[in-house]
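For reference, the structure discussed in these notes is given below.
Throughout, residue positions are numbered sequentially from 1 according to the sequence presented. Please read these numbers as outputs of a predicted model, since none were measured by experiment.
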Amino acid sequence: MNHMASFLSVRRRVLPGFAPTLGFTLFYLSLIVLVPLTAVFLKSSGHGFDAFWAAATSPRVMASYRLSFGASLIAATINLFFGLILAWCIVRYEFPGKKLVDALIDLPFALPTAVAGIALTALYAPNGWVGSLFAPGGALAFLFGEGGLKIAFTPLGILLALIFIGLPFIVRTVQPVLEDMETELEEAAASLGAQRWQTFRYVVLPTLLPALLTGFALAFARAVGEYGSVIFIAGNIPMVSEITPLMIIAKLEQYDYVGATAIAAVMLIVSFVLLLVINGLQAWSSQRGSRK
């Protein structure tokens, strides 16, 4: 009996014990994450608070904050809706080309960001396939007045690029939850007289909410720091279409390392706070669902 208990104990502990495993985890996390992030704050504070505040709150930088964080939130929200629809169609329905659609969703993961930016710019530029339709004289220009609609080299183009790179995070987070969800619950709700919206609101959504929030957080985090796919379509017009990562690159090119790290520190703090709030909402929704 003692031999059997010892054997089971060994099987449960394939990896080393708690102490060495935790020590290695903390060491690796510190080396890869904490030390570089700490260096950002130390470098940005090297010339005092006044220099930090001046570099981080100049009008041009503040405009880039509003654009980067605002466009990222809007893009993640749009992907939250359409990503759920895509995941639902892939999991619940059979249709020709389903495997191709499923593979195309991962394209933004595999595609180099610079290639994505060039492709989007060529597509939505005033002389591109889509952009020409909305440019003055285009087939759809009349919907937006005499000047038509300019997509590329505007905040709208940035938004489209962020939607493109963020969509897979929502779909791939929600898809496995939908696959594990029992359809019998929906059928039971329908048999009890629940309408489609009621079934979705009280049966499907509580199960999907943690995955939706996780996908939203991942899509938002990726969009905030995106550079390659946005820089080509943004136009980089000061106070209009300059993203915050571009401001960091511009500061580095001017050898203004304090200014670059100050902007990076602000982005890091705001991103951390937003992700903390989203993760808190995710934990709250999971606890609420388990209580039900």
Do [X] and [Y] come within less than 4.5 Å of each other through their side chains, counting heavy atoms only?
| X | Y | value |
| --- | --- | --- |
| F134 | K150 | no |
| L160 | Y124 | yes |
| L67 | P155 | yes |
| D102 | Q175 | yes |
| L80 | L212 | yes |
| L156 | L149 | yes |
| N79 | F164 | no |
| L123 | I151 | no |

Tell me if a side-chain donor or acceptor on [X] pairs with a main-chain N or O of [Y] at a distance below 3.5 Å.
| X | Y | result |
| --- | --- | --- |
| Y227 | I249 | no |
| T199 | A189 | no |
| K98 | Y93 | yes |
| D256 | G259 | yes |
| S72 | F69 | no |
| S271 | L268 | no |

Write down the atom of [X], the atom of [Y], and the distance for their closest heavy-atom approach.
| X | Y | value |
| --- | --- | --- |
| G83 | I170 | CA-CG2, 3.9 Å |
| G228 | F232 | O-CD1, 3.4 Å |
| A211 | V177 | CB-CG2, 3.7 Å |
| I263 | A55 | CG1-O, 4.0 Å |
| P126 | A135 | O-CB, 3.9 Å |

What is the distance from atom [atom1] of [X] to atom [atom2] of [Y], rounded to the nearest 0.5 Å?
| X | Y | atom1 | atom2 | answer |
| --- | --- | --- | --- | --- |
| L159 | L73 | CG | CG | 11.0 Å |
| L208 | L178 | CG | CG | 5.0 Å |
| L162 | S229 | CG | OG | 6.5 Å |
| I248 | I243 | CD1 | CD1 | 9.5 Å |

I'd like to know whether F52 forms a side chain to side chain contact (heavy atoms under 4.5 Å, CB included) with V258, so could you lay out the CA-CA distance, the side-chain angles of the two residues, the decisive distance to 0.1 Å, and finally the verdict.
CA-CA 7 Å; F52 172 88; V258 175; 5.8 Å; no
Can E186 and R196 be counted as an ion pair, charged N to O under 4.0 angstrom?
no
Are [Y] and [X] connected into the same hydrophobic cluster when the rule is that any two of I, L, V, M, F, W, Y join if their side-chain heavy atoms are below 4.5 Å apart?
| X | Y | result |
| --- | --- | --- |
| F109 | L218 | yes |
| V115 | L120 | yes |
| L111 | F169 | no |
| M247 | V224 | yes |
| F142 | V130 | yes |

Going through the checks in order, is the side chain to side chain contact (heavy atoms under 4.5 Å, CB included) test met by S58 and V61?
CA-CA 5 Å; S58 66; V61 175; 3.0 Å; yes
Would you sort out whether I158 and S241 count as a side chain to side chain contact (heavy atoms under 4.5 Å, CB included), showing the intermediate values?
CA-CA 8 Å; I158 296 175; S241 59; 4.1 Å; yes
Tell me, please, whether W197 has R201 positioned over its six-membered ring: NZ or CZ under 6.0 Å from the ring centre and within 45 degrees of its axis?
no
CZ/F95: more than 12 non-hydrogen atoms of other groups inside 6.0 Å
yes
Please step through side chain to side chain contact (heavy atoms under 4.5 Å, CB included) for the pair N236 and F153, ending with a clear verdict.
CA-CA 7 Å; N236 309 322; F153 317 123; over 6 Å; no
Non-neighbouring partners of Q198 that pass side-chain hydrogen bond (donor to acceptor under 3.5 Å, both in side chains), sequence neighbours left out:
none
Testing the 3.5 Å rule here: is there a donor-acceptor pair between the side chains of T244 and S68?
yes
